[in-house]
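Just below is one structure, and these are the notes that go with it.
Bear in mind the structure is a predicted one, so any value in this text is a computation, not a measurement. Chain naming here is simple, since letters A, B, ... match the order of the sequence lines and numbering starts at 1 in each.
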Number of protein chains: 2
Amino acid sequence: MSNLEAAGSWAKKYFLASRALMESVLRPYDLGSTQWYVLYLLANEGPVNQRNLTRMLEIERATLSAVVSALVRKGLIEQMPDLDDQRQKVLQITTAGRKLWATLPDPIELIATVAFNGVDAEEIATTNRILREATQRLINHKRGSK
Amino acid sequence: MSNLEAAGSWAKKYFLASRALMESVLRPYDLGSTQWYVLYLLANEGPVNQRNLTRMLEIERATLSAVVSALVRKGLIEQMPDLDDQRQKVLQITTAGRKLWATLPDPIELIATVAFNGVDAEEIATTNRILREATQRLINHKRGSK
DNA sequence: ACAGACTAGTAAGGTGCCTAACAAAACTGA
DNA sequence: TCAGTTTTGTTAGGCACCTTACTAGTCTGT
C-alpha cells in the first residue's frame with residue numbers, strides 16, 4: 001500500500017465525488033452544498049443563532065458568515081439581531097426560502113443510495129468507525145501540538 | 001444510522017482534518033497541499049506536461065492552472081513551451097524549488113502515522129475498498145446521467 | 001488544402017474551507 | 001466600577017475545487 005493510500009486518499013476522492021453529485025443536483029436551484037444544509041436546518045429546527053449553527057455544521061464563524069451572506073443575498077434567509085445578546089444574530093428562513101425548500105430533492109438520500117445501496121452494512125459501519133477514530137486522532141494531534 | 005452518516009459524512013470530516021494537518025505542516029513554508037503534490041511530482045519525476053499533471057493529480061485543467069501560477073509566482077517552478085506541441089506547457093522545478101523541497105517534511109508520512117498507526121491493517125484495507133467502490137459508483141452514476 | 005472538430009491552457013466567477021485581525025458587545029474580577 | 005478578557009460576527013486574503021467560455025494550436029476528413 002502506498003503512503004498516499006495509507007494517508008486516506010480515498011476519503012478525499014469519495015468526498016469530492018459525493019460533493020460533485022450533491023452540487024450537480026443542487027445547481028439547477030442555484031444552491032451550494034453547505035447552503036443546502038443551512039436551509040435544511042432552518043426549515044426543520046426553526047430560527048437559530050449563527051453561533052449555534054457553526055456548531056451544528058462544524059465550520060468556522062468566518063466560513064458560515066460567507067455562506068449566510070450568500071443565502072441572504074438570494075433572499076432565502078433573514079438575519080435578525082438577537083434582543084438578548086446584541087452580538088448575536090438569529091437566522092430565519094424566509095417565505096421564499098420555505099417555498100424553494102418544498103421543491104428541493106434530498107441530495108443526501110440520493111448519495112446514500114448511489115454510493116452504498118446494497119453494500120454490506122457491517123463493512124460500512126467499519127468504514128465509518130475507522131474514519132471517525134482516525135479523525136479523532138488527527139484532532140488530538142492538533143490539540144497536543146498547539 | 002442517520003442518512004448523513006450513510007452518505008459518508010465521516011469521509012468529509014476525515015478529509016478536512018487531514019488537510020488541516022497537512023496545511024499546518026506546510027504553512028511555515030508558504031505552500032498549499034496541492035502545491036506540495038506538484039513539487040513532489042516535479043522533484044521526483046522530472047519535467048512534466050501540465051496535461052499529464054492533471055491526470056496524475058486527478059484535478060481539472062483550470063484548477064491546475066491556478067496552482068501552477070501560484071508556484072510560478074513564488075519562483076518554485078518554471079513553465080516552458082513544449083516545442084513539439086505549442087499548445088502544451090512543460091513544468092520544471094527551479095533551483096529555488098529544489099532547494100526548498102530538500103528542506104520540506106513529508107506531510108503524507110505524518111498523516112499516515114498520526115491517523116492510522118497501530119490500526120488493524122485489514123480494517124484499513126476494508127475502509128479503502130469501501131470508499132473506492134463507493135466513489136466508483138458515484139462516478140458511474142454521473143456518467144450515466146449525462 | 002482547408003473547414004470543422006478537438007485539445008491545452010487561461011480567465012472569470014462561484015462555492016466552501018481556512019487563518020488573522022478587527023469592532024462591538026458581554027462578562028469577570030479585583 | 002471599570003480595565004482586561006472573552007465572545008460574536010465581519011472582512012480580507014489565501015487555497016483548492018468546480019463550470020463555462022475563450023484563444024490558440026493541432027488534427028481529420030473530404
(message) Can you list, in residue-number order, the parts of residues 53-61 of chain B that come under 4.0 Å of DNA chain D, counting heavy atoms only?
(response) B:Ile59, B:Glu60
(request) Could you check whether A:Ala62 gets within reach of a base, just the sugar-phosphate, or nothing at all, counting any heavy atom under 4.0 Å? (result) base
(request) Rounded off to whole Å, could you give me the CG-to-P distance for the B:Leu64 and C:dT7 pair? (result) 18 Å
(message) Using OP1 and OP2 only, check whether a side-chain N or O of B:Thr63 sits under 4.0 Å from D:dC17.
(response) no
(message) In this structure, how many angstroms lie between the C1' atom of C:dT19 and the CG atom of B:Leu16, rounded?
(response) 15 Å
(request) Please check if the side chain of B:Ser65 supplies one atom and the backbone of B:Arg61 the other of a donor-acceptor pair under 3.5 Å. (result) no
(message) When you measure from the side chain of B:Thr94 to the backbone of B:Gly75, do you find a donor-acceptor pair of N or O atoms at a distance under 3.5 Å?
(response) yes
(request) To the nearest Å, give me how far apart CZ (A:Arg27) and P (D:dC18) are. (result) 11 Å
(message) In whole Å, I'd like the distance from the CG atom of B:Asp84 to the C1' atom of D:dA24.
(response) 17 Å
(message) Considering every strand and a 4.0 Å limit on heavy-atom distances, what is the contact class for B:Asp82: base, sugar-phosphate, or nothing?
(response) nothing
(request) Let me know the distance between CG of B:Asp30 and P of D:dC15, rounded to the nearest Å. (result) 7 Å
(request) Decide side-chain contact (heavy atoms from CB on, under 4.5 Å) for A:Arg137 and B:Val119; before the verdict, give the C-alpha distance in whole Å, the side-chain angles of both, and the deciding distance to 0.1 Å. (result) CA-CA 11 Å; A:Arg137 276 190 291 272; B:Val119 178; 3.0 Å; yes
(message) I need the CZ-P distance between A:Arg19 and C:dG16, as an integer number of Å.
(response) 8 Å
(message) Side chain of A:Gln35 only, heavy atoms from C-beta on: which candidate in D:dG25, C:dT15, C:dT10 is closest?
(response) C:dT15
(request) Give the nucleotide from the list D:dA16, C:dT15, C:dG16 with an atom nearest to the side chain of A:Lys74. (result) C:dT15
(message) Between A:Arg73 and B:Ala66, which residue's closest nucleotide on DNA chain C lies nearer the 5′ terminus?
(response) B:Ala66
(request) State the OG1-CD1 distance between B:Thr127 and B:Ile124, to the nearest 0.5 angstrom. (result) 7.5 Å
(request) May I ask you to decide if A:Asp30's main-chain N or O and A:Lys74's side chain share a donor-acceptor pair within less than 3.5 Å? (result) yes
(request) Decide yes or no, distance alone: a donor-acceptor N/O pair under 3.5 angstrom between the base of C:dT7 and the side-chain of B:Arg87. (result) yes
(request) Report yes if at least one side-chain N or O of A:Gln79 is closer than 4.0 Å to OP1 or OP2 of D:dT10; otherwise report no. (result) yes
(message) Distance check needed: D:dT19 P versus A:Glu23 CD, whole Å only.
(response) 9 Å
(message) Looking at D:dA16, I'd like to know if its phosphate oxygens (OP1 or OP2) sit under 4.0 Å from a side-chain N or O belonging to B:Ser33.
(response) yes
(message) Using side-chain contact (heavy atoms from CB on, under 4.5 Å), reason through A:Gln50 and A:Gln79 one step at a time and then give a plain yes or no.
(response) CA-CA 9 Å; A:Gln50 261 182 242; A:Gln79 235 175 351; 2.5 Å; yes
(request) Give the nucleotide from the list C:dG16, C:dT10, D:dT11 with an atom nearest to the side chain of B:Lys89. (result) C:dT10
(message) Both A:Val67 and B:Gln88 contact DNA chain C. Which one's nearest nucleotide lies toward the 5' end?
(response) B:Gln88
(message) Less than 4.0 angstrom between a side-chain N/O of A:Thr34 and OP1 or OP2 of C:dC17, yes or no?
(response) yes
(request) Starting at atom CG of B:Asn52, determine the distance to atom C1' of C:dG9, rounded to an integer number of angstrom. (result) 14 Å
(message) Keeping B:Asp82 on the side-chain end and B:Asp85 on the backbone end, is there a donor-acceptor pair under 3.5 Å?
(response) yes
(message) Starting the side chain at C-beta, find the nucleotide from D:dG25, C:dT15, C:dC18 nearest to B:Gln86.
(response) D:dG25
(request) Choose from D:dG9, C:dT15, C:dC17 the nucleotide whose nearest atom is closest to any side-chain atom of A:Gln50. (result) D:dG9
(request) Start with the C-alpha distance between A:Arg132 and A:Arg129, add both sets of side-chain angles, then the distance that settles side-chain contact (heavy atoms from CB on, under 4.5 Å), and finish with yes or no. (result) CA-CA 5 Å; A:Arg132 188 176 60 243; A:Arg129 177 171 52 76; 3.8 Å; yes
(message) Please compare B:Trp36 and A:Ser65 by the position of their nearest nucleotide in DNA chain D and report the one closer to 5'.
(response) A:Ser65
